[in-house]
Amino acid sequence: MDTWPAIDKNPGVSGGDAVIVSTRIPVWALEGYRRLGWSETELLENFPTLGASDLAQAWAYVAAHRAEIELALHANEEA
(Lines give C-alpha, C1' and ligand atoms only; values in the text may rest on other atoms or scores of the structure.)
Protein backbone atom coordinates (compact mmCIF):
# COMPACT_ATOMS: atom_id res chain seq x y z
CA MET A 1 0.00 0.00 0.00
CA ASP A 2 2.72 2.43 -0.99
CA THR A 3 0.15 5.06 -1.97
CA TRP A 4 -0.93 5.33 1.67
CA PRO A 5 2.10 4.58 3.88
CA ALA A 6 0.06 5.35 7.02
CA ILE A 7 -2.60 2.74 6.09
CA ASP A 8 -2.24 -1.00 6.56
CA LYS A 9 -4.47 -3.98 5.81
CA ASN A 10 -3.67 -7.24 7.55
CA PRO A 11 -6.09 -10.17 7.88
CA GLY A 12 -5.04 -10.61 11.52
CA VAL A 13 -5.76 -7.01 12.53
CA SER A 14 -9.28 -5.57 12.81
CA GLY A 15 -10.68 -8.25 10.55
CA GLY A 16 -8.52 -7.14 7.65
CA ASP A 17 -10.03 -3.65 7.54
CA ALA A 18 -7.78 -0.75 6.60
CA VAL A 19 -6.23 0.69 9.78
CA ILE A 20 -3.77 3.40 10.65
CA VAL A 21 -0.28 1.80 10.75
CA SER A 22 0.85 0.66 14.21
CA THR A 23 -2.68 1.03 15.59
CA ARG A 24 -5.92 -0.89 15.48
CA ILE A 25 -7.88 2.24 14.52
CA PRO A 26 -9.94 1.42 11.43
CA VAL A 27 -10.20 4.01 8.69
CA TRP A 28 -13.96 3.36 8.51
CA ALA A 29 -14.29 4.33 12.20
CA LEU A 30 -12.52 7.64 11.61
CA GLU A 31 -14.81 8.29 8.64
CA GLY A 32 -17.80 7.45 10.83
CA TYR A 33 -16.77 10.02 13.41
CA ARG A 34 -16.17 12.57 10.68
CA ARG A 35 -19.71 11.96 9.40
CA LEU A 36 -21.00 12.53 12.92
CA GLY A 37 -19.45 15.98 12.76
CA TRP A 38 -16.19 15.46 14.61
CA SER A 39 -13.51 17.92 13.55
CA GLU A 40 -9.95 16.86 12.88
CA THR A 41 -9.00 18.55 16.15
CA GLU A 42 -11.52 16.40 18.03
CA LEU A 43 -10.26 13.27 16.31
CA LEU A 44 -6.66 14.07 17.20
CA GLU A 45 -7.62 14.82 20.81
CA ASN A 46 -9.54 11.55 21.13
CA PHE A 47 -6.96 9.45 19.27
CA PRO A 48 -3.66 10.85 20.60
CA THR A 49 -1.59 8.27 18.73
CA LEU A 50 -2.69 9.84 15.42
CA GLY A 51 -1.17 12.81 13.66
CA ALA A 52 -2.61 15.19 11.09
CA SER A 53 -0.80 13.31 8.30
CA ASP A 54 -2.52 10.07 9.40
CA LEU A 55 -5.91 11.74 9.00
CA ALA A 56 -4.96 13.18 5.61
CA GLN A 57 -4.05 9.69 4.41
CA ALA A 58 -7.21 8.23 5.93
CA TRP A 59 -9.35 10.75 4.01
CA ALA A 60 -7.47 10.02 0.78
CA TYR A 61 -8.00 6.30 1.35
CA VAL A 62 -11.72 6.86 1.97
CA ALA A 63 -12.00 8.84 -1.27
CA ALA A 64 -10.24 6.11 -3.25
CA HIS A 65 -12.07 3.18 -1.61
CA ARG A 66 -15.56 4.57 -1.09
CA ALA A 67 -17.39 1.23 -1.58
CA GLU A 68 -15.12 -0.60 0.89
CA ILE A 69 -15.66 2.09 3.53
CA GLU A 70 -19.43 2.17 2.98
CA LEU A 71 -19.61 -1.61 3.43
CA ALA A 72 -17.56 -1.47 6.62
CA LEU A 73 -19.66 1.38 8.04
CA HIS A 74 -22.86 -0.49 7.24
CA ALA A 75 -21.58 -3.77 8.68
CA ASN A 76 -20.54 -2.08 11.90
CA GLU A 77 -23.81 -0.18 12.29
CA GLU A 78 -25.57 -3.54 12.52
CA ALA A 79 -23.05 -5.05 14.94
Side-chain angles (χ1 to χ4, degrees):
M1 304 202 78
D2 297 333
T3 305
W4 299 278
I7 308 297
D8 190 27
K9 286 180 80 171
N10 181 327
V13 177
S14 295
D17 289 336
V19 298
I20 303 298
V21 168
S22 299
T23 77
R24 292 183 176 265
I25 302 169
V27 173
W28 65 260
L30 295 172
E31 174 64 6
Y33 287 120
R34 183 165 74 159
R35 291 181 185 191
L36 290 172
W38 286 34
S39 68
E40 289 197 5
T41 300
E42 289 172 309
L43 286 166
L44 294 172
E45 288 172 353
N46 284 280
F47 296 96
T49 59
L50 299 183
S53 62
D54 295 321
L55 292 180
Q57 288 197 34
W59 309 149
Y61 187 88
V62 168
H65 297 88
R66 183 78 50 201
E68 172 189 331
I69 298 301
E70 293 299 331
L71 284 172
L73 283 166
H74 182 69
N76 286 281
E77 284 174 356
E78 296 177 354

For Glu42 and Tyr33: C-alpha separation, side-chain torsions, deciding distance, then whether side chain to side chain contact (heavy atoms under 4.5 Å, CB included) applies.
CA-CA 9 Å; Glu42 289 172 309; Tyr33 287 120; over 6 Å; no
Side chain to side chain contact (heavy atoms under 4.5 Å, CB included) partner of Tyr61, the single match among Glu31, Lys9, Arg66
Lys9
Please output the side-chain donor-acceptor pairs of residues 15-26 that fall under 3.5 Å, not counting sequence neighbours, one pair per line with the distance.
| unit_1 | atom_1 | unit_2 | atom_2 | d |
| --- | --- | --- | --- | --- |
| Asp17 | OD2 | Trp28 | NE1 | 3.0 |
| Thr23 | OG1 | Ile20 | O | 2.7 |
| Thr23 | OG1 | Ile25 | N | 3.0 |

When the side chains of residues 47-55 are checked against the rest of the protein, which donor-acceptor pairs come out under 3.5 Å, sequence neighbours left out?
| unit_1 | atom_1 | unit_2 | atom_2 | d |
| --- | --- | --- | --- | --- |
| Asp54 | OD2 | Gly51 | N | 2.8 |

Go through Arg35 and Leu73 one step at a time and tell me if the side chain to side chain contact (heavy atoms under 4.5 Å, CB included) criterion holds.
CA-CA 11 Å; Arg35 291 181 185 191; Leu73 283 166; 3.4 Å; yes
Side-chain touch Leu30/Trp59, heavy atoms, less than 4.5 angstrom:
yes
